[in-house]
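Heads up: numbering here begins at 1 and tracks the sequence. Remember, it's 1-based here, ligands and their atoms both numbered in the order they're listed. Note that the structure is predicted; figures quoted are calculated from it, not measured.
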Amino acid sequence: MADFSGKKAVVIGGSRGIGAAIVRRLASEGASVRFTWAGSRAKAEDLARESGTEAVHADATDRSAILAATRDVGPIDIFVFNAGICIAGDPLALDPDDIDRMIDINIRAAYHCAVEAARAMPDGGRIILIGSTNANRVPFKGLAAYSMTKSALQSMVRGLARDFGERRITVNVIQPGPTDTDMNPANGPEASLMHSVMAIKEHGSADDVAAYVSFLAGPTARGITGAMQTIDGGFSA
Ligand code: NDP
């Protein structure tokens, strides 16, 4: 376990799934954690109570709300952008407004919040985005737009790593493969199709992704920056 006593962490999109596991992990390792929620008030309030963290309502499609949630906590040592939605299906049939909403959450909000977090971040801070293994590999139909949003994060972290490197701030993206959450249940209808292209034919767990965040946020990861950290059971092998 890492020791983040005295460190301040912000997790954008922390009410459920991978985000909630990250909130729990960082709080259990001593960080003071603020997280945002958009639709899941009850889950956010329960998590805040149980983990001793602060829950703030901010929809990632509302730029001023999300920037205020990032800014108003003061200098942040560890910033995690986890919020994301997956709109998948026939590109000829999908609603363009849904695609734009996904781009707003998965790309625009990630970029603006990461920059805002860096503004007052102390030297040696950590910026971690949650991407997807689909940035590397798209073996199924229907995932073009979602995968595009996640591959945008790759060049984002490469560039921001250069921008903030003199302050020893590291910027990385963690790219999970199929992970058992509401978005992608291990017993869902697509699970066996996903497993068919994986070396280890099972869903990963949100706690494993949270452990990766903890490692990247810790002192021994000081030299890892501008990098893609894939944890996908061999989905992209
Ligand atoms: P879930 O659907 O279980 O949770 C999504 C989280 O994002 C929730 O906390 C939700 O908050 C938040 N969120 C969604 N929309 C918004 C919004 N408009 N504004 C703010 N927050 C929002 O998904 P996962 O935990 O599975 O996914 C987390 C991240 O991991 C996403 O970026 C996803 O793309 C990525 N990922 C997931 C994989 C998987 O297999 N599960 C695989 C690869 C990547 P609320 O409910 O309060 O709205």
inquiry  = Under a 4.0 angstrom heavy-atom cut-off, which atoms of ligand 1 come close to Ile18?
reply    =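 Near Ile18, the atoms of ligand 1 are 25 (O), 30 (O), 37 (C).
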inquiry  = Using a 4.0 Å cut-off to any heavy atom of Arg16, which atoms of ligand 1 qualify?
reply    =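 Once the distances to Arg16 are compared, the set is 1 (P), 2 (O), 3 (O), 4 (O), 5 (C), 8 (C), 9 (O), 10 (C), 46 (O).
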Ligand 1 and [X], any nitrogen or oxygen pair closer than 3.5 angstrom?
X	value
Ser40	yes
Trp37	no
Thr181	yes
Asp59	yes
Pro176	no
Ser132	no
Ala38	yes

ask   = Can you tell me if CZ on Arg108 sees more than 12 non-hydrogen neighbours from other groups inside 6.0 Å?
value =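 No, not enclosed.
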key: CZ (Arg162) with more than 12 external heavy atoms under 6.0 Å   =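 Incorrect, the count does not exceed 12.
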If you measure from the Lys or Arg side-chain nitrogens to the Asp or Glu carboxylate oxygens, is any gap between [X] and [Y] under 4.0 Å?
X	Y	value
Glu29	Lys7	no
Asp98	Arg101	no
Asp182	Arg16	yes

Side chain, backbone, both or neither: which applies to [X] and ligand 1 if a contact is any heavy-atom pair less than 4.0 Å apart?
X	value
Gln175	neither
Asn82	both
Ala58	backbone
Pro178	backbone
Ile105	side chain

Please determine whether any non-hydrogen atom of [X] lies less than 4.0 Å from an atom of ligand 1.
X	answer
Gly131	yes
Lys150	yes
Gly177	yes

query = What protein heavy atom sits nearest atom 27 (O) of ligand 1, and how far off is it?
reply =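 The closest one turns out to be Met183 CE, 3.9 Å.
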Closest approach of Arg168 to Arg126 (non-hydrogen atoms, all atoms of both residues) =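 Closest approach of Arg168 to Arg126, heavy atoms only: O-NH1, 4.2 Å.
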request  = Determine yes or no for a side-chain-to-main-chain donor-acceptor pair under 3.5 angstrom, with Arg71 supplying the side chain and Glu116 the backbone.
outcome  =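 Between the backbone of Glu116 and the side chain of Arg71 there is no qualifying donor-acceptor contact (under 3.5 Å).
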message = Quick check for you: to the nearest 0.5 Å, what is the distance between Thr170 atom OG1 and Arg222 atom CZ?
response =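 That separation rounds to 11.0 Å.
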